[in-house]
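Reviewing the structure listed below.
For clarity, every value in this text was computed on a predicted model and none was experimentally measured. Numbers here are sequence positions counted from 1.
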Amino acid sequence: MRSVQRGPLAGLLSQVVLLIALAATVGLTARGWGVGLACGVVTAAVLSRGMTVQSRRQLGPADRVTLGRVVVAGGVAALTVDSLGHPLVRPVLVALAATALALDGVDGWVARRTATVSPLGARFDMEADAFLILVLSVLASRTSGGWVLSLGAARYVFVAAGWAAPWLGRALPIRYWRKVVAATQGIVLTCAVSSLLPSWLVLAALVGAAGLLAESFGRDVWWLWCRRDQSIEGMPGEALSSPSTATRTRDV
């Protein structure tokens, strides 16, 4: 149990260190601290649970990179909540978001290079993507309109729909296009919150990102609908992952 907890504990400590650094440089209110610490605690608890369920005693190299992404995303969440009552320190937030996006291109490469691709790593990568997109969509909605929240909420709505309609929770074939679409959402939302681009260009980019997201989810829903009456044993062989890891999985 001690070795199982080591990775998640390192992530929690890293989250605290990042929050201390943010407090020293830009300042954090109690709200920011609360959200940042909550992100660290929840990540540590969920990751520890996942490692236990999959009998993993330690994180792989790619998992550590993904954990770093989640820690940085926790910092973005803390600054986002902090900005509700105080001026947003935009350069710092954009720098953190850009760092998380850059690391998104690293963990999959590390997993392939070290032959450590795993269901846990795929799920962890997916959750890191979804969380960062959700946080950025909340911030971008303040200047670009409430509809932008749909970009961050889409994956969670899809998962919730799977509870009501079990056929939506089945395994999906691995498709690299999902990773491209997820990366596009993060890049576009980061540009939107940076205030460096004209508002008309930001709007056009957000609409384009929403279109890509709708196409990606729509294709998956259609694929699942066409196979809704098939048994699990009768599903095509390309559906390689379990429902919990394949639903909106980004290929590692």
Side-chain angles (χ1 to χ4, degrees), residues 11 14-29 31-33 35-40 42-43 64-84 86-109 124-145 148-156 178-199 201-210 212-213 248 250:
S14 298
Q15 190 73 75
V16 173
V17 170
L18 177 60
L19 293 175
I20 292 174
L22 291 175
T25 54
V26 301
L28 281 180
T29 64
R31 282 196 305 268
W33 271 101
V35 168
L37 290 174
C39 289
V42 171
T43 298
R64 297 188 188 103
V65 176
T66 306
L67 181 58
R69 284 170 53 205
V70 176
V71 169
V72 173
V76 174
L79 290 177
T80 297
V81 172
D82 219 37
S83 68
L84 296 178
H86 296 80
L88 175 64
V89 187
R90 205 172 299 274
V92 175
L93 186 141
V94 171
L96 289 176
T99 299
L101 291 173
L103 290 175
D104 189 22
V106 174
D107 52 7
W109 179 85
F124 195 23
D125 178 57
M126 175 190 65
E127 298 298 345
D129 284 343
F131 178 61
L132 180 62
I133 292 171
L134 176 63
V135 172
L136 290 175
S137 70
V138 170
L139 190 56
S141 68
R142 295 170 59 186
T143 54
S144 299
V148 179
L149 290 171
S150 64
L151 302 183
R155 185 256 167 184
Y156 299 99
R178 297 191 193 100
K179 186 71 175 177
V180 174
V181 173
T184 300
Q185 309 305 306
I187 293 171
V188 169
L189 287 168
T190 299
C191 291
V193 302
S194 70
S195 296
L196 295 177
L197 301 177
S199 57
L201 184 56
V202 169
L203 179 60
L206 288 170
V207 170
L212 289 176
L213 197 64
R248 307 310 303 160
R250 274 61 176 169

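The minimum heavy-atom distance linking Val70 with Ala128 is given by the pair CG2-CB, 3.7 Å. The nearest pair of heavy atoms linking Ala78 to Leu19 is CB-CD2, 3.9 Å. Considering all non-hydrogen atoms of both residues, Thr80 and Arg142 come closest at O-NH1, 4.2 Å. Minimum interatomic distance between Ile133 and Gly186 (heavy atoms only, all atoms of both residues): CG1-N, 4.3 Å. Nearest approach of Ala192 to Val202, heavy atoms of both residues: CB-CG1, 3.6 Å. When all heavy atoms are compared, the tightest approach of Gly11 to Val71 is O-CG2, 3.6 Å.
Thr143 is not listed as a side-chain neighbour of Val148, based on a closest heavy-atom distance of 4.5 Å or more. You'll find the side chain of Leu93 stays beyond 4.5 Å of the side chain of Thr190, heavy atoms only. Using a 4.5 Å cut-off on side-chain heavy atoms (C-beta onward), Gln185 and Asp129 make no contact. Contact check for Val92 versus Thr25: no side-chain heavy atoms found under the 4.5 Å cut-off. Looking at Gln15 and Thr43, their side chains never come closer than 4.5 Å, going by heavy atoms from C-beta outward. In this structure, the side chains of Leu139 and Val76 stay at 4.5 Å or more apart for every pair of heavy atoms. Val81 has its side chain out of reach of Trp33: every pair of non-hydrogen atoms, C-beta onward, lies at least 4.5 Å apart.
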Q: Would you please test Leu196 and Val94 for side chain to side chain contact (heavy atoms under 4.5 Å, CB included) and show each step?
A: CA-CA 11 Å; Leu196 295 177; Val94 171; 5.9 Å; no
Q: Evaluate the criterion side chain to side chain contact (heavy atoms under 4.5 Å, CB included) for residue pair Arg69 and Asp104; output intermediate values, then yes/no.
A: CA-CA 7 Å; Arg69 284 170 53 205; Asp104 189 22; 3.3 Å; yes
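Considering CG of Leu136 and CD1 of Ile187, their distance stands at 11.5 Å, rounded to 0.5 Å. Atom OG of Ser150 is separated from atom CG of Leu213 by 7.5 Å, given to the nearest 0.5 angstrom. Note: Leu96 CG to Leu101 CG = 11.0 Å, rounded to the nearest 0.5 Å. Taking CG of Asp107 as the start and OG1 of Thr66 as the end, the distance is 3.5 Å to the nearest 0.5 Å. Atoms OG and CG, on Ser199 and Leu203 in that order, are 8.0 Å from each other to the nearest 0.5 Å.
Remark: the Asp82 side chain and the Thr29 side chain contain an N/O donor-acceptor pair separated by less than 3.5 Å.
Taking a cutoff of 4.0 Å between a charged side-chain nitrogen and a carboxylate oxygen, Glu127 and Arg155 qualify as a salt bridge.
Looking at Leu151, Leu206, Leu149, Val193 one by one, the single match for side chain to side chain contact (heavy atoms under 4.5 Å, CB included) with Ser141 turns out to be Leu149.
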